[in-house]
Amino acid sequence: GFAGGASQTGTDARTRTLRLKPAVLAYGSFPTNATTSNLAQRNVHATPTTVSGAFLIGTTTHHAFHVCTIVPSRDTNSNQIDGFILRDGRAVGNPMGVPQDPPQSNVGGGVVLLEPEWKGLDVPVVSVIQNCIIRNNIAQLGGGVGCNNFAQARPRPTIRATFVVDNEAVGSIGDDPIGDPAAIPAGGGLYFHVSSAELVSSVVAGNETDGNGGGLAIARAGVIDLVNSTVTENVADGFGGGVSAPSIFGSSATFRSSIVYFNTSSDTTVFRKQFSNNGGPLSAEAADYSCIQGTIPASLGVGNIDSNPMLASTNPGAGNLRSIPLGYALACGSPCVHGGDPDASLIPDDLYDVDNDNDLAEETPTMIRATRVRACRVDIGADESALFISCPGDADGDGTVGPADLALVLGAWGTSNPLYDFNCDGIVNGADSSVVLGGWGPCCPSSGGGSSMMGEGGEGSEGSDESPIDPWSLALWLGFSDIAE
């Protein structure tokens, strides 16, 4: 079940939607018999609350236009949908006689963000989507999430710790055209028009379009900032398999500590298949400390790499998708481990409390609500690896290699336990104890004495009894496919 002030509206079955009103926070995915007072116990991967746009009329399956409709809020009165699977919406045109704005009826099969009802460029508009899975939706613009804004007030959708997977943006279904015949389909996963969107600790994967922007499409002065996110295995028949942001129309995309890899499109270079400006000039400093496939222009930014990010495994889930969430974690030996921006202050604060620990000043947690910076430097992508390779031999993750770490290695001697197999050869043995001995002593810089795997004052810092290795990472490295928090 869920708690909050959302409501289901609409008398015609196709226009019925979970409508999120201004300043409303809706929470889902509580365990059975749980109380709504403890938000931290929610888990969209283990005890999901699913909202589907599919319904039966007789024996025929039909679909609502939008699974969720978000009415924008002003500034600090943000609204928030948190902890839901949103699936099976079909935003494929405006029904005759229904009083609905035509530009929106073909936008956002999973989630549509409506235009603000007020005017003025100086009015912030904030809507939050976090801890959600948005999948199996179809629209002409933004299969998973769409915002086709024409108002002066610029919406600021913020998407955190969310998976946008297996959605489509199409111009027709079979031989039947849908939506606006003049609009080119765009944004298999997400579409933002005259919007300033933010994607943090999120995954955009396995989406497709017969237009531009298999993963994300940014249009008409739209802006998207990706921080510690993963955009992979999306497909576009037009420009930008990963991200399409036509700079000739004032659109832009920036990447920080993010993965954009294995996306495909009709662009002529591997790099443009990941990030296309649809023929316009690239923006300077548009990416820093990111893993982007193809020859990366030097003008794009600093610290970028073109190396296989080594995601955990293909481990197919539905269709050809990786399993959620562990299929998008970083495998042993990934070049993305500790390759992110060394300035942790640039990671957005957890303003909307992804992990519900009431700490809004910490860095936004990972795609699975785990602590973001677990070693000396952040990883690239939506995940944080369980292997602390910048602190070799630190088996207990306390920032210092010492007797406790050696004891853990000796206790796992002869096993294949990957937490103590530092050289990844499949067995814990003398080579791993040598890593411990070679790394003896403090290994993470800190101020004021002592070392911290999380940064000063962070969870898991020196003096804490909590291990920074979370159960999801344990599941990954121990070979389990599912685990409940």
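Atom set for the values below is all heavy atoms of this structure, side chains included, hydrogens, waters and symmetry mates excluded.
- Of the inter-residue distances, the one linking L39 atom CG with D357 atom CG reads 11.5 Å to the nearest 0.5 angstrom.
- Here L20 contributes atom CG and F84 contributes atom CZ; the two are 8.5 Å apart, rounded to the nearest 0.5 Å.
- Taking both residues in full, the closest heavy atoms of S257 and D341 are given as OG-N, 2.9 Å, listed atom of the first, atom of the second, then distance.
- Judged by distance alone, the side chain of N167 and the main-chain N or O of V165 form a donor-acceptor pair under 3.5 Å.
- Inspection of the R372 and S201 side chains reveals an N or O donor paired with an N or O acceptor under 3.5 Å.
- With a 4.5 Å cut-off on side-chain heavy atoms, T69 and L114 count as touching.
- For N207 (side chain) and A205 (main-chain N/O), a donor-acceptor pair under 3.5 Å exists by modelled atom type.
- A donor and an acceptor atom, one from each side chain of D225 and T254, are located under 3.5 Å apart.
- Side chains of I70 and I129 form a contact here, defined as non-hydrogen atoms less than 4.5 Å apart.
- Looking at heavy atoms from C-beta onward, C291 lies in side-chain contact with Y261 at the 4.5 angstrom threshold.
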Derivation and outcome, side chain to side chain contact (heavy atoms under 4.5 Å, CB included), residues V227 and L199
CA-CA 6 Å; V227 182; L199 200 70; over 6 Å; no
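- Within the 3.5 Å criterion, the main-chain N or O of G242 finds no donor-acceptor partner in the side chain of Q274.
- Atom CG of L86 and atom CD1 of I134 lie 5.5 Å apart (nearest 0.5 Å).
- Side chains of E198 and I159 form no contact here, defined as non-hydrogen atoms less than 4.5 Å apart.
- Of the possible polar contacts, none joining the R272 side chain to the T269 backbone as a donor-acceptor pair under 3.5 Å is found.
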Apply side chain to side chain contact (heavy atoms under 4.5 Å, CB included) to N263 and V235, showing your working.
CA-CA 6 Å; N263 302 287; V235 179; over 6 Å; no
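- Side chains of T366 and D383: no donor on one and acceptor on the other come within 3.5 Å.
- With rounding to the nearest 0.5 Å, the separation of CZ in F239 from OG in S265 is 8.5 Å.
- L216 contributes atom CG, which lies 9.5 Å from atom OG of S244 (distance to the nearest 0.5 angstrom).
- Residues passing the side-chain contact (heavy atoms from CB on, under 4.5 Å) test with T60 are H62, sequence neighbours excluded.
- When side chains are defined from C-beta on, I133 does not count as touching T162, because their heavy atoms never get closer than 4.5 Å.
- Side-chain contact check for N131 and R160: no donor-acceptor pair (N or O, by modelled atom type) lies under 3.5 Å.
- No close placement of the Y289 and F255 rings is indicated, their centers lying 6.0 Å or farther apart.
- Judged by distance alone, the side chain of S290 and the main-chain N or O of I292 form no donor-acceptor pair under 3.5 Å.
- With hydrogens and angles disregarded, a donor-acceptor distance shorter than 3.5 Å links the side chain of N234 to the backbone of V204.
- A donor-acceptor pair under 3.5 Å links the side-chain atoms of T209 to the main chain of A169, judged by distance alone.
- Here K273 does not pair with D267 in a salt bridge; the nearest charged N to carboxylate O distance is not below 4.0 Å.
- Here the shortest heavy-atom pairing between S251 and A219 reads OG-C, 3.3 Å.
- Residues A217 and G187 approach most closely at CB-N, 3.4 Å, considering heavy atoms.
- T364 and D350 form no side-chain donor-acceptor contact under 3.5 Å, judged by distance and modelled atom types alone.
- L311 approaches G327 most closely through the heavy-atom pair CB-O, 3.8 Å.
- Counting only residues at least two apart or on different chains, no salt bridge (Lys or Arg N to Asp or Glu O under 4.0 Å) pair has a member in residues 290-306.
- Annotation for S252 and I218: closest pair O-CG2, 4.1 Å, computed over non-hydrogen atoms.
- With D379 contributing its side chain and H338 its backbone, the two residues share a donor-acceptor pair below 3.5 Å.
- No side-chain heavy atom of Q293 sits under 4.5 Å from any side-chain heavy atom of F271.
- At least one side-chain heavy atom of L346 sits under 4.5 Å from a side-chain heavy atom of R256.
- Of the inter-residue distances, the one linking I85 atom CD1 with I324 atom CD1 reads 8.0 Å to the nearest 0.5 angstrom.
- There is no side-chain donor-acceptor pair under 3.5 Å between N43 and S29.
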Can E362 and D349 be said to form a side chain to side chain contact (heavy atoms under 4.5 Å, CB included), step by step? CA-CA 6 Å; E362 67 178 345; D349 291 343; over 6 Å; no
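- The closest side-chain donor-acceptor pair between N137 and R90, if any, does not fall under 3.5 angstrom.
- Inspection of the N136 and D88 side chains reveals no N or O donor paired with an N or O acceptor under 3.5 Å.
- Between V260 and T232 there is no side-chain heavy-atom pair separated by less than 4.5 Å.
- Between V170 and D210, the shortest heavy-atom distance links the atoms CA-OD1, 3.4 Å.
- Remark: the backbone N or O of V354 is paired with a side-chain donor or acceptor of R369 at under 3.5 angstrom.
- Formation of a donor-acceptor pair under 3.5 Å by the T230 side chain with backbone atoms of A382 is found in this model.
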message = Applying side chain to side chain contact (heavy atoms under 4.5 Å, CB included) to F65 and R16, what does each step give before you reach the verdict?
response = CA-CA 8 Å; F65 287 103; R16 301 187 77 175; over 6 Å; no
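- With sequence neighbours excluded, the residues that form a ring-ring contact (aromatic ring centres under 6.0 Å, His included) with F163 are H45.
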